[in-house]
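To find a chain, count down the sequence lines: A is the first, B the second, and so on, and within it residues start at 1. Just the heavy atoms: all of them, side chains too, but no hydrogens, waters or symmetry mates, feed the values below.
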Amino acid sequence: MNKKLFSFELLHKQESARAGVFTTPHGDIFTPVFAPVGTQATVKAVTPEQLQQTGASLVLANTYHLYLRPGADLIAEHGGLHNFMQWSGPMLTDSGGFQVFSLSAIRKVDDEGVTFKSHIDGSMHRLTPELSVAVQEKLGADIIMAFDECAVPDDLEYNRRSMARTHAWLERCVTARTRADQALFGIVQGGIFPELRRESAQFVSSLDLPGVAIGGLSVGETKEQMHDILEVVDPLLPQDKPRYLMGVGSPEDLINGVMRGVDIFDCVLPTRLARHQAAFTQTGRVNLMNSINTRSFAPIDEGCQCYTCRNFTRAYLRHLIIAKEMLASTLISIHNIQFLITLMGDARQSILDGTFDTFAAAFLERYQPNHKKEHV
RNA sequence: GGACGGUUACCCAAGUGGCCAAAGGGGACUGACUGUAAAUCAGCUGGCGAACGCCUUCGGAGGUUCGAAUCCUUCACCGUCCA
């Protein structure tokens, strides 16, 4: 590990909440941070320029999808992922581990690796820790993830075996890697079981990697279980390394995560919800296609500084939705991404100011996850 | 003037005696979405009701029948053809 290329500085802590800066070859990541997901080398519906304007720093892409199409060699020939998709900021590639979980109907896991049936053309493929690392080295993101198994969270025996396998795979990933300009993050697993999570957190921490991820959450367990696991893991993870909670999430989950020591989040939620006509506001989520917005000449969220809210009304967005115009997806994606990025930026500032507890309490108080009330 | 064919819910469109408050589309409306097989999926769409159910509907009016969107008569309108 080249310490000059990657470094994490913890600037301030308020109880478990942390404000820091993670330095990568493609720029600094100010934490806590939300990272938009661009699985197929694109954050759906937005251009890199638009993405940059939301304040995004770190962006994700997925090894499994890009390995299948267009192939890692092509992207390597193209000068790597940054050049390919024209994102000049920090990037992270997921290892394909999540697909081991989400494509459960068409895969088989063993200790060596995973055999997949491609969702694109039905062809068979085998992914191993070594291949995942090799592919991620060709893709060339700043942060690469260990190849793990994200198990169904509530089966103790399965999680015990799966966790052991994930640990073994992590050691193989460490051995397999060859590039010094990429930071490999290990992943803590263990389902909803505190004793497994403790063991996993200690094992992953012991390898002295540049960052640690917490996987296997927000996959069906309750919010309380997720919070409990974060609290179990928090004191066991190194203070001087960034912690990345994979696949999370909603605005309230982000705040609850920061409160429990998480620095980095990623999630498809803002962009998926946007394509499905839902938007975040300070008081909860709204479905913009609802008829109540027909004559709403207000922005999605009063006070939001995003491009969409500065320029367009709910009435216009609803019109685009009803008319099935693709600009709706773009504009709402811009808003939702900027909402989460701003939320994390505000949380960061409050940690630096020492006011995170009141900031978090106020947000959780006003933000209703499944709100039913009207918004004008 | 005559001969056929047609008129079904917001729209299109099945349905030719009871299993029809009425298939299927579309549209409208509502909900879900957390390391993206997702510009997707689900529900709902005569009224009242939580539900059993009750009430009102298949161009209008009248009739046959235990029972009619469905059969008969007539009127209106639309289409095609013949004068």
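- Listed nucleotides B:U36, B:U34, B:A37 differ in distance to A:Lys223; the shortest reach to its side chain belongs to B:U34.
- Shortest non-hydrogen contact noted between A:Val248 and A:Phe34 is O-CE1, 4.3 Å.
- The separation of B:A83 from B:G18, taken at their P atoms, amounts to 42 Å, rounded to a whole angstrom.
- Atom-to-atom, CZ of A:Phe34 to C1' of B:G35 comes out at 11 Å; the value is rounded to the nearest Å.
- Taking for each of A:Glu252 and A:Thr294 the nucleotide of RNA chain B with the nearest heavy atom, the 5'-most of the two is the partner of A:Thr294.
- Within the structure, a side-chain polar atom (N or O) of A:Asn62 is placed less than 4.0 Å from OP1 or OP2 of B:U36.
- Phosphate proximity of B:G35 to A:Ser102: absent, as no side-chain N or O sits under 4.0 Å from OP1 or OP2.
- One can place CG of A:Leu269 at 13 Å from C1' of B:G35, the figure rounded to the nearest angstrom.
- Atom pair A:Ile321:CD1 and B:U30:P shows a separation of 11 Å (rounding to whole Å applied).
- Comparing B:A39 with B:C33, their C1' atoms sit 14 Å apart, to the nearest whole Å.
- Not one side-chain nitrogen or oxygen of A:Asn287 sits closer than 4.0 Å to the OP1 or OP2 atom of B:C33.
- Relative to the side chain of A:Ser250, the nucleotides B:A32, B:C29, B:U34 differ in distance, and B:U34 lies closest.
- For the pair A:Arg272 and B:U34, the criterion of a side-chain N or O lying under 4.0 Å from OP1 or OP2 is met.
- Ring geometry for A:Phe147 against A:Trp169 counts as parallel: the plane angle stays under 30°, on a 0 to 90° scale with 60° as the upper cut.
- Nucleotides B:U56 and B:A69 are separated by 12 Å at their P atoms, to the nearest Å.
- The side-chain heavy atoms of A:Ile334 and A:Thr330, taken from C-beta on, include a pair separated by under 4.5 Å.
- Here the nucleotide nearest the side chain of A:Ser291, chosen from B:G35, B:U30, B:A39, is B:U30.
- The nearest whole Å value for the distance from the CE atom in A:Met246 to the C1' atom in B:U36 is 13 Å.
- Note on A:Leu217: nothing from the nucleic acid sits closer than 4.0 angstrom, heavy atoms only.
- At the heavy-atom level, A:Thr271 lies under 4.0 Å from base atoms of the strands shown.
- The side chain of A:Gln99 places no N or O atom within less than 4.0 Å of a non-bridging phosphate oxygen (OP1 or OP2) of B:G35.
- Across the protein-nucleic acid pair, A:Phe98 atom CZ and B:U36 atom C1' stand 8 Å apart, rounded to whole Å.
- Backbone-only engagement by A:Leu60 is indicated by non-hydrogen atom pairs under 4.0 Å involving sugar-phosphate atoms exclusively.
- Nucleic acid contact class of A:Lys117 (heavy atoms, under 4.0 Å, all strands): none.
- Nucleotides B:C58 and B:C71, compared at atom C1', are 16 Å apart to the nearest Å.
- The 12-atom threshold is exceeded at CD of A:Glu195, counting heavy atoms of other residues, nucleotides or ligands nearer than 6.0 Å.
- Straight-line distance from the CG atom of A:Asp253 to the C1' atom of B:G35: 14 Å, rounded to whole Å.
- Each of A:Asn256, A:Asp253, A:Asp228 was checked for a side chain to side chain donor-acceptor pair (under 3.5 Å) with A:Lys223, and the lone residue meeting it is A:Asp253.
- B:C81 and B:G2 make up a base pair, with Watson-Crick or G-U wobble contacts both under 3.5 Å.
- Applying the 4.0 Å criterion to OP1 and OP2 of B:A32, one finds that A:Gln277 has every side-chain N and O outside that range.
- Phosphate proximity of B:A37 to A:Arg69: absent, as no side-chain N or O sits under 4.0 Å from OP1 or OP2.
- A:Asp148 comes within 4.0 angstrom of a base, heavy atoms only.
- A donor atom on one side chain and an acceptor atom on the other are found under 3.5 Å apart for A:Asn62 and A:Gln99.
- Between B:G17 and B:G1, the two C1' atoms lie 36 Å apart (nearest whole Å).
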Carefully, step by step, assess A:Gln282 and A:Tyr367 under the rule side-chain contact (heavy atoms from CB on, under 4.5 Å).
CA-CA 6 Å; A:Gln282 287 295 320; A:Tyr367 189 89; over 6 Å; no
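- For A:Asp94, whose side chain is taken as the heavy atoms from C-beta onward, the closest listed nucleotide among B:U34, B:G35, B:C29 is B:G35.
- Between the side-chain ring of A:His276 and the base of B:U40, a stacking contact exists by the 5.5 Å and 30° definition.
- The pair A:Glu157-A:Arg160 meets the salt-bridge criterion, since a charged nitrogen lies less than 4.0 angstrom from a carboxylate oxygen.
- Of the listed nucleotides (B:U34, B:G35, B:U30), B:U30 has the atom at the smallest distance from the side chain of A:Met289.
- Nucleotide B:C71 has B:G63 as its partner under the Watson-Crick or G-U criteria, with both atom distances under 3.5 Å.
- Using the Watson-Crick or G-U wobble rule with both distances under 3.5 Å, B:C20 pairs with nothing in any strand shown.
- Judged by Watson-Crick or G-U wobble contacts below 3.5 Å, the nucleotide B:A76 has B:U7 as its partner.
- Rounded to whole Å, atom P of B:U36 lies 13 Å from atom CG of A:Leu68.
- Across all strands shown, the partner of B:C41 is B:G31, judged by Watson-Crick or G-U wobble contacts whose two distances both fall under 3.5 Å.
- Rounded to an integer number of Å, the gap from CG of A:Leu327 to C1' of B:A39 is 13 Å.
- A:Gly38 comes within 4.0 angstrom of nothing in the nucleic acid, heavy atoms only.
- Of the N and O atoms on the side chains of A:Asp353 and A:Gln349, at least one donor lies less than 3.5 Å from an acceptor on the other residue.
- With a cut-off of 3.5 Å on both pairing distances, B:U57 has no Watson-Crick or G-U wobble partner at all.
- Nucleotides B:C44 and B:G5 place their P atoms 39 Å apart, quoted to the nearest Å.
- Candidate nucleotides B:G35, B:A39, B:U30 were compared by shortest atom distance to the side chain of A:Asn290, and B:U30 ranks first.
- Contact check, A:Thr39 against B:U36: a side-chain N or O comes under 4.0 Å of OP1 or OP2.
- Taking atom C1' in both B:C11 and B:C29, the straight-line distance is 16 Å, to the nearest Å.
- Between the P atoms of B:U65 and B:U70, the separation comes to 16 Å (whole Å).
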